[in-house]
Amino acid sequence: MSDMEEDVLSDVEGDEETQQDEVGEDEKVQVCHLTPETISQGLSLLCRTGNGLGHAFVKIDLKNCGLNDITAISSFIYIRFLDLSNNQLTDLSPLASLTELLWLKVDNNAVASFNGHPFEQLTYLQWLSMAGNRLTDMEGLVGPALERLNLAGNGIQRLNELQDSCFANLVTLELRGNQLDTTDGINLPNLQHLYLAQNYIKHLGGLEGLERLTTLHLRDNQLDTLEGLSSNMKCLQYLNVRGNVLLDKKAIESLGRVSKTLKALVLSENPLMEATDYRLSVLIILPQLKRLDKDPVSPDEMMEALERIKELKEEEIPTP
């Protein structure tokens with residue numbers, strides 16, 4: 001079994017993608033401006049500079065500092081790794097001069113919009129996490145080098161800005177806990193992992209362009225059908241729709257469009273589980289499935305499903 005298969009077939013359902021550092025009411029720190037002294041305390045990782053003629057610290061840890069202003073950071077132009085989590089920031093414009101940034105974490109702040117922020121200048125940025133802010137859309141965000149983007153726990157309502165021209169290298173997109181009601185608007189043919197749990201999604205749409213997607217996580221939404229899955233999704237191996245409102249076999253017939261590649265499916269906490277032949281009904285649609293919910297598909301289950309598929313085909317043959 002390949003590493004990809006082991007990951008897809010594990011019992012872990014993607015929640016590891018969305019873990020966030022949170023600050024409780026009793027842990028709030030006093031709001032303050034960033035000073036050179038605070039910066040010096042957070043510096044680490046001495047590396048050669050880009051021209052190879054000198055050395056500079058390239059990592060700063062400034063989480064839990066109570067910051068509402070980071071103007072002082074603009075002169076630290078060699079920084080590549082920056083953690084600003086658990087502060088009170090609304091303005092990230094001082095980061096514009098940090099053009100060597102590769103990794104940026106701004107979780108649990110108060111940023112309300114990407115407009116006016118310096119992401120066009122951060123052309124080498126590969127990893128960005130802004131979970132737990134106040135974002136309502138993605139307008140103004142570009143990331144030509146971004147490979148992983150985490151925007152969990154915001155108030156994002158639409159995804160119209162997710163175009164391949166702006167995010168050509170994006171592999172993993174985390175949008176758990178927002179206010180999305182559809183999957184429409186994601187035009188990212190290189191995307192491999194998409195996490196959309198805990199939204200208000202009622203309709204699947206715009207998925208036909210996700211030809212390289214291997215993981216789709218839709219737990220705790222409001223889906224009553226899986227219409228919208230596309231046969232163009234030729235790499236999909238793991239699908240989690242736990243905790244939706246799928247009622248019966250008809251609601252999941254669209255799974256046939258991804259039956260050749262799907263290896264793991266999580267359907268628990270849907271009304272259709274109350275059917276006595278629940279697992280058999282699913283396996284008839286997905287004869288290649290290796291795991292259903294938490295349990296591997298047994299040889300006996302697969303044999304029964306294949307026999308039933310054969311019977312159904314025979315019933316379709318007209319009598320001479």
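For the numbers below, each heavy atom of this structure counts, side chains included, while hydrogens, waters and symmetry mates do not. For reference, positions follow the sequence shown, starting with 1.
- D61 has no carboxylate O lying under 4.0 Å from a charged side-chain N of K59, or vice versa, which leaves the two without a salt bridge.
- Within 6.0 Å of CD in E311 there are more than 12 heavy atoms belonging to other residues, nucleotides or ligands.
- Between the side chain of N270 and the backbone N or O of L272 there is no donor-acceptor pair closer than 3.5 Å.
- A search for ring-ring contact (aromatic ring centres under 6.0 Å, His included) contacts involving F119 returns F114, not counting sequence neighbours.
- Checking T182, L218, V241, L216 one by one against L204, the side chain to side chain contact (heavy atoms under 4.5 Å, CB included) holds for a single residue, L218.
- With hydrogens and angles ignored, the 3.5 Å screen pairs no side-chain donor or acceptor of N221 with any backbone N or O of N244.
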Item to complete: Verify salt bridge (Lys or Arg N to Asp or Glu O under 4.0 Å) between E269 and R242, making sure each step is shown before the conclusion.
Response: CA-CA 6 Å; E269 298 180 22; R242 176 179 176 180; 2.7 Å; yes
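- The two atoms that bring N133 and A110 nearest to each other are OD1-N, 3.2 Å, heavy atoms only.
- Atom NE2 in H117 sits 9.5 Å away from atom CG in L89 (nearest 0.5 Å).
- No donor-acceptor distance shorter than 3.5 angstrom exists from the side chain of D220 to the backbone of Q198, with no hydrogens or angles considered.
- In plain terms, the two heavy atoms of L141 and F167 that are nearest each other are O-CZ, 3.3 Å.
- The backbone N or O of A152 sits less than 3.5 Å from a side-chain atom of N150, completing a donor-acceptor pair.
- In this structure, the side chain of D91 does not engage the main chain of V111 through any donor-acceptor pair within 3.5 Å.
- Checking side-chain atoms of N109 against main-chain N and O of D107 turns up a donor-acceptor pair under 3.5 Å.
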